[in-house]
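Accompanying notes for the structure given below.
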Number of protein chains: 2
Amino acid sequence: MTDSMDSRHPPAKAKAKAKARAAGKRQQLTAAAARVLHEQGVERTTIADIARAADVPAGNVYYYFKTKDELVEAALSEHVTHLETLTGRLDQLPDPRERLKGLIDAWVEQRDTAARYGCPTGTLAAELDKRSEGGLDLSAGRVIRRLLDWVEQQYRHIGVADPEGHALALVGAYQGMSLLSNALRDPEIMAREGARLTREIDALG
Amino acid sequence: MTDSMDSRHPPAKAKAKAKARAAGKRQQLTAAAARVLHEQGVERTTIADIARAADVPAGNVYYYFKTKDELVEAALSEHVTHLETLTGRLDQLPDPRERLKGLIDAWVEQRDTAARYGCPTGTLAAELDKRSEGGLDLSAGRVIRRLLDWVEQQYRHIGVADPEGHALALVGAYQGMSLLSNALRDPEIMAREGARLTREIDALG
DNA sequence: GTCTATACATGGATAGAC
DNA sequence: GTCTATCCATGTATAGAC
């Protein structure tokens with residue numbers, strides 16, 4: 001008698017399928033966490049909120065994530081993935097100016113979300129800064145650093161003086177306009193500032 | 001017998017003094033709230049935290065403020081006061097360019113605080129946005145609006161085209177550099193961006 | 001692997017003594 | 001006007017049945 005037919009010892013295929021389902025739920029929870037944490041903020045979001053949004057029973061969450069902090073980490077990695085997808089797509093464009101303008105376009109496209117909830121990464125960075133009791137987490141800082149580095153590379157290709165300074169100014173402008181747009185609940189601020197930033201890039205020597 | 005000597009009915013002077021003391025404690029609590037809420041964030045700050053910082057017994061707080069939200073409101077009004085003191089001082093300067101550069105200097109002077117805790121008004125605005133359940137509070141937005149209006153006036157005096165756009169860009173740059181400086185824990189970002197903003201004002205037609 | 005029930009801690013707010 | 005004791009809701013996390 002082989003144990004491959006024994007229901008108590010599922011065959012490899014069934015095991016793999018169960019694993020895939022589990023990974024699927026983990027991914028569902030991660031995506032839901034990214035969305036809900038952005039909309040409600042970290043401190044005001046409960047595990048139950050995320051479970052509901054992911055369509056997973058509340059008590060089940062702890063099977064996939066041991067603590068709330070792990071869910072926050074997962075949400076953060078989700079933002080990294082989004083960022084890399086975007087820059088990866090923009091890297092296909094031949095001209096670094098076009099790449100930067102494409103980035104700005106992507107920001108402006110998200111204007112309604114930004115006006116309602118702020119920049120996902122920026123608001124998360126501000127919250128995580130306060131969440132870690134002087135413990136110096138900086139995990140959100142690393143995501144912003146990554147964006148900063150990519151932008152700096154583009155300015156370097158263009159050949160401007162002080163590419164790092166230009167990158168700080170551009171990413172800073174994005175964070176600033178997101179915050180203003182959110183505080184005043186006005187998506188048009190994003191469009192307006194985006195147009196200005198685009199003009200500045202066009203005007204680059 | 002006059003009741004002015006009756007200990008159960010203190011004379012007007014004593015009453016006034018008690019009132020002054022009460023107002024003093026209220027002010028102590030307001031100042032402490034502004035500081036602690038900025039450092040720890042609204043959601044992670046307890047009434048007890050504020051009471052301790054203000055050197056007032058915990059249970060006593062509710063005599064001065066009925067709810068935590070009222071304390072947050074008080075902290076916000078404290079920021080308004082600071083802002084008005086600053087702009088009032090800058091209004092003494094004859095040249096609007098100097099007024100704007102003075103504002104930037106004030107921002108840069110606060111760089112260590114900004115790197116550690118972010119812009120007091122900006123972080124508060126982001127938090128309050130999430131605190132009000134879609135209820136559209138915008139009270140922090142009004143403070144930012146006030147700053148925006150003052151800056152716009154200066155650009156108007158200078159005579160630039162689109163003073164509103166210039167104001168959005170300047171205040172946005174401030175919020176952005178505060179967030180970046182905070183996320184990366186680097187006060188020098190404030191100094192660097194401040195210098196750039198100052199140069200831009202000097203370069204204005 | 002999935003889900004329910006619940007333990008346990010925290011913190012906002014109130015009652016009432018002084 | 002000041003302070004203590006406490007109520008009560010909320011939310012994280014765990015135990016253990018299925």
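Naming convention: chains lettered A, B, ... in sequence-line order (proteins, then strands); numbering from 1 in each chain.
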Quickly work out the E43(A) CD to dT10(C) P distance and round it to whole Å. 15 Å
Testing dA13(C), dA13(D), dT2(C) for proximity to the side chain of Y62(A), the answer is dA13(D)
Looking at Y63(A), I'd like to know whether one of its side-chain N or O atoms comes within less than 4.0 Å of OP1 or OP2 on dG1(C). yes
Any chance the side chains of D69(B) and T67(B) put a donor and an acceptor closer than 3.5 Å? no
Over how many whole Å does the gap from R26(A) atom CZ to dG1(C) atom P extend? 12 Å
In whole angstrom, give the distance that lies between atom CZ of R44(A) and atom C1' of dT10(D). 11 Å
Contact check, side chains of R99(B) and I158(B), non-hydrogen atoms, under 4.5 Å: no
Between dT2(C) and Y64(A), is there an OP1 or OP2 to side-chain N/O distance shorter than 4.0 Å? yes
Residue whose closest nucleotide on DNA chain D lies nearer the 5' end, I47(A) versus A58(B): A58(B)
Side chain to side chain contact (heavy atoms under 4.5 Å, CB included) between R116(A) and R185(A): does it pass, once the steps are laid out? CA-CA 6 Å; R116(A) 190 59 194 81; R185(A) 283 281 206 291; 3.3 Å; yes
Applying side chain to side chain contact (heavy atoms under 4.5 Å, CB included), run through E152(B) and D149(B) and close with a yes or a no. CA-CA 5 Å; E152(B) 182 179 337; D149(B) 287 343; 4.2 Å; yes
Could you tell me the separation between the CZ atom of F65(B) and the P atom of dT14(C), rounded to a whole number of Å? 16 Å
Check step by step if side chain to side chain contact (heavy atoms under 4.5 Å, CB included) holds for I189(B) and R111(B). CA-CA 8 Å; I189(B) 290 178; R111(B) 62 182 175 280; over 6 Å; no
Closest to the T46(A) side chain, choosing from dC3(C), dA13(C), dG11(D): dG11(D)
Among dC3(C), dA13(D), dC3(D), which nucleotide has an atom closest to any side-chain atom of P57(A)? dC3(C)
Can you check the D69(B) CG to dG11(C) P distance for me, whole Å? 17 Å
To the nearest angstrom, the CD1-P distance between I50(A) and dA13(D) comes to 11 Å
Length of the line joining E70(A):CD and dA13(D):P, which is rounded to integer Å: 10 Å
Rounded interatomic separation in angstrom, taking CG from N60(B) and P from dA5(D): 15 Å
